[in-house]
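For reference, the structure is listed below as structure tokens.
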2 protein chains.
Amino acid sequence: MSDRSRPTLATVAARAAVAPSTASLVFAGSDRVAPATRDRVLAAAADLGYAGPDPVARSLRSRRSGVVGAVIGDRLAHAFSDPVSVQLLDGVTEVLSPLGVGLLLLPGDADRHGPTLAQLAHVPLDAVVYATCGLEDDPALVHLQRRGVPVVAVDGPCVDDVVFVGIPDRRGTAELAGHLADLGHRRVAVVTLPLRLDGTRGLVGAARRAGTHHRTVRERTLGVEDTFGPVPAWETAANAVEEGERAGRQLLDVPAGGRPTAVVAQSDVLAAGVLRAADSLGLRVPEDVSVAGFDGAELPWLPPVRLTTVVQPTTEKGRVVGRAVTDLVAGRRPDDVVLDVHLSVGTTTGPPPPS
Amino acid sequence: MSDRSRPTLATVAARAAVAPSTASLVFAGSDRVAPATRDRVLAAAADLGYAGPDPVARSLRSRRSGVVGAVIGDRLAHAFSDPVSVQLLDGVTEVLSPLGVGLLLLPGDADRHGPTLAQLAHVPLDAVVYATCGLEDDPALVHLQRRGVPVVAVDGPCVDDVVFVGIPDRRGTAELAGHLADLGHRRVAVVTLPLRLDGTRGLVGAARRAGTHHRTVRERTLGVEDTFGPVPAWETAANAVEEGERAGRQLLDVPAGGRPTAVVAQSDVLAAGVLRAADSLGLRVPEDVSVAGFDGAELPWLPPVRLTTVVQPTTEKGRVVGRAVTDLVAGRRPDDVVLDVHLSVGTTTGPPPPS
DNA sequence: GACGGTAGTCGAATCGATTCGATAAGGTGA
DNA sequence: TCACCTTATCGAATCGATTCGACTACCGTC
């Protein structure tokens with residue numbers, strides 16, 4: 001009998017001998033209801049084990065579901081092995097949770113780099129955040145815009161009617177490159193994040209470079225080239241320690257004469273991998289090779305070294321996203337936001353070895 | 001005019017000169033519609049930029065929202081620094097995503113160890129997974145049961161009408177303890193996960209041990225005591241590398257005579273911290289002290305050591321949870337599941353130092 | 001004592017779809 | 001030619017709440 005038919009607002013109203021509309025007012029917390037009436041309704045609700053208005057029915061009228069989607073461009077286990085993604089979402093929920101809004105994970109899988117249309121189509125969404133991915137030609141994005149779901153993109157894609165929240169990636173790496181140049185480095189190599197999530201690994205050629213790909217990767221590469229001109233860029237297949245190590249081994253396992261004296265990784269996680277590669281090749285950091293990262297991520301397992309990196313305010317970025325979402329849901333159109341970054345010099349960069 | 005009023009099924013039906021019910025049939029993919037009619041409806045939808053039936057309205061009738069909540073007993077940044085949580089949810093989404101069901105994050109914050117009632121009350125949920133927490137006396141749990149939302153609990157809480165998915169924690173650590181005993185260890189200490197998320201740290205006294213707390217902690221401690229009898233247990237405030245290091249330093253920074261010859265951490269992340277502590281104290285592992293963990297987590301940054309640990313099938317556990325959720329939503333009541341674990345002996349345990 | 005005002009409650013329309021029984025059109029067999 | 005069956009479409013009720021205009025007392029005021 002219990003889950004046979006759960007009580008509805010109408011049931012409660014009937015038991016309290018009031019109209020459904022009055023009962024509704026009670027649960028909405030209106031002050032236009034007489035205290036005696038309110039108590040009667042609440043008592044009836046308690047008697048019947050009524051847990052409050054059905055969220056779905058409420059959403060139908062109010063045009064709000066309290067659900068915000070987070071598009072993750074990979075399977076969770078991969079995306080969340082990067083503390084940056086996690087911190088970002090942490091900032092988002094910090095703002096959204098108190099408003100009674102939850103974050104719905106929309107991960108991709110091994111093949112697709114985002115949710116399927118079938119997934120998106122069936123879920124009630126007030127807004128969507130592109131959290132860790134974002135190519136301009138995403139079919140899911142088109143679907144969302146057609147449905148009128150507002151979108152916030154973190155670091156891309158840059159599209160009309162999508163609120164952008166990002167950082168000056170290019171200026172950040174440019175600053176880092178300046179630091180390396182000042183130290184005397186001339187032979188620098190870059191370890192890039194995936195240009196597309198298609199499993200490609202290796203030196204980035206002109207053709208691949210020309211294709212559609214992440215704004216982030218492009219900008220962070222350009223920042224280095226602003227100082228050093230064209231540099232070899234080794235693409236990884238994922239933002240993961242192992243991938244960084246693999247790339248590092250490729251770049252560093254060569255005679256000292258042709259070896260880069262500094263490696264700029266496009267994330268701290270990749271940089272951690274490069275450090276491991278250097279270690280396993282018997283190269284000292286920074287005496288034999290300098291290593292730098294990007295993000296300023298908290299990697300509690302990384303010490304004793306302190307990574308030279310470009311620090312971005314990741315959690316704050318998440319909060320900004322959260323506020324942008326709040327605005328959009330309220331019908332306001334927030335401005336794009338570009339947060340600031342700064343160079344943090346650690347113990348992993350130093351003068352190049354004498355040649 | 002565009003977001004003025006988005007087209008509805010009725011609009012589309014009118015334009016295609018059919019009844020709304022027929023148009024509905026088209027979008028439901030029914031084969032009882034004449035192909036010509038179907039094409040007309042689809043054409044009308046395309047003309048109007050109609051993106052398919054509104055998920056909220058659909059949910060109202062079908063009593064399904066396509067949203068499953070994941071209760072996280074901490075803020076995301078903390079909970080997801082543990083690869084085990086992430087892998088678990090990865091397994092869950094792996095099963096749920098293809099069914100068009102999404103996972104809604106319901107994190108706690110610094111103070112509360114789960115979502116507020118306000119958060120829960122406003123969100124449409126088909127089911128809820130207690131992913132990384134679970135005390136029996138959780139008010140959120142009561143609310144959910146009253147609302148008739150089915151609940152799956154991972155490793156607890158154990159309550160009526162909640163499907164339980166877990167592992168034989170006690171047998172796992174017992175096996176590990178056996179291994180240590182076989183090596184000759186007699187003085188063993190345990191580094192426990194938080195008994196409650198209240199920031200407490202330090203040696204677990206009788207009083208605290210008697211209070212309500214995590215099943216997991218209790219079982220994993222008992223497993224060790226099955227072999228060694230009462231052992232000192234040092235509680236951490238969070239499942240994090242830094243916490244493990246802190247605990248490790250407390251336990252190991254004593255003269256060799258009183259120092260435990262083996263430390264059993266209740267998670268691999270904590271064990272990693274203990275390893276760091278040993279390292280910074282100049283203790284060799286396993287020559288001076290053996291260290292073991294629990295989970296069999298992938299910590300790509302951990303090598304060159306291979307941690308001795310109790311391996312649980314985390315991703316598979318997530319899949320099992322996903323299937324349990326599927327069953328519950330379909331109205332079936334799945335059985336509780338206890339998955340298997342096995343000992344994996346690595347390079348961090350060995351005979352105790354000669355005394 | 002008639003009138004304006006207010007506090008509290010109620011009715012009915014609405015949100016956007018789904019679903020099932022009814023119905024009309026068209027086809028078959030005796 | 002008529003009864004019967006199938007196929008495609010339609011109508012209307014339903015899911016569970018919200019919301020706003022309308023209505024009823026009841027009070028105070030001139």
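In what follows, chains carry the letters A, B, and so on, assigned in the order in which the sequence lines appear, proteins first and then strands, with residues in each chain numbered from 1.
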Atom [atom1] of [X] to atom [atom2] of [N]: distance rounded to whole Å?
X	N	atom1	atom2	value
Arg32(A)	dA22(D)	CZ	C1'	12 Å
His122(B)	dG16(D)	NE2	C1'	16 Å
Arg64(B)	dT18(C)	CZ	P	14 Å
Asp54(B)	dT14(C)	CG	C1'	14 Å
Leu9(B)	dT18(C)	CG	P	6 Å
Arg61(B)	dC15(D)	CZ	P	7 Å
Arg38(A)	dC10(C)	CZ	C1'	19 Å
Leu25(B)	dT19(C)	CG	C1'	9 Å

Practice task
Decide side-chain hydrogen bond (donor to acceptor under 3.5 Å, both in side chains) for Thr11(B) and Thr8(B); before the verdict, give the C-alpha distance in whole Å, the side-chain angles of both, and the deciding distance to 0.1 Å.
Solution key: CA-CA 5 Å; Thr11(B) 323; Thr8(B) 72; 3.2 Å; yes
Phosphate-side-chain proximity, [X] and [N], N/O vs OP1/OP2 below 4.0 Å:
X	N	answer
Ser21(A)	dA17(D)	no
Thr22(A)	dC10(C)	yes
Ser24(B)	dA17(C)	no
Tyr50(B)	dG16(C)	no

Exercise for the section: Could you pick out which residue, Leu60(B) or Pro20(A), lies toward the 5' side of DNA chain D when each is mapped onto its nearest nucleotide? Expected result: Leu60(B)
Practice task
Find which nucleotide of DNA chain D each of Arg63(B) and Ala17(B) is nearest to by heavy atoms, and output the residue with the more 5' nucleotide.
Solution key: Ala17(B)
Handout entry: Side-chain donor/acceptor contact of Arg58(B) with base of dT18(C) under 3.5 Å
Key =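 Side chain to base: no pair present.
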Handout entry: Proximal nucleotide (of dC10(D), dA17(D), dG16(C)) relative to the Ala57(B) side chain
Key =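 Nearest to the side chain of Ala57(B) among the choices is dG16(C).
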Exercise for the section: Looking at every strand, decide which applies to Val18(A) at a 4.0 Å heavy-atom threshold: base, sugar-phosphate, or nothing. Expected result: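 Sugar-phosphate contact only.
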Practice task
State which residue, out of Val325(B), Thr93(B), Leu328(B), fulfils the side-chain contact (heavy atoms from CB on, under 4.5 Å) condition with Val68(B).
Solution key: Val325(B)
Exercise for the section: Determine yes or no for a side-chain-to-main-chain donor-acceptor pair under 3.5 angstrom, with Ser59(B) supplying the side chain and Val56(A) the backbone. Expected result: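 No, Ser59(B) side chain to Val56(A) backbone: no donor-acceptor pair under 3.5 Å.
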Practice task
Would you check if Arg64(A) and Val101(A) make a side-chain contact, meaning some heavy-atom pair closer than 4.5 Å?
Solution key: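 Contact flag for Arg64(A)/Val101(A) side chains = no.
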Practice task
Sort out for me which residue in Thr314(B), Asp82(B), Thr315(B) forms a side-chain hydrogen bond (donor to acceptor under 3.5 Å, both in side chains) with Gln87(B).
Solution key: Thr315(B)
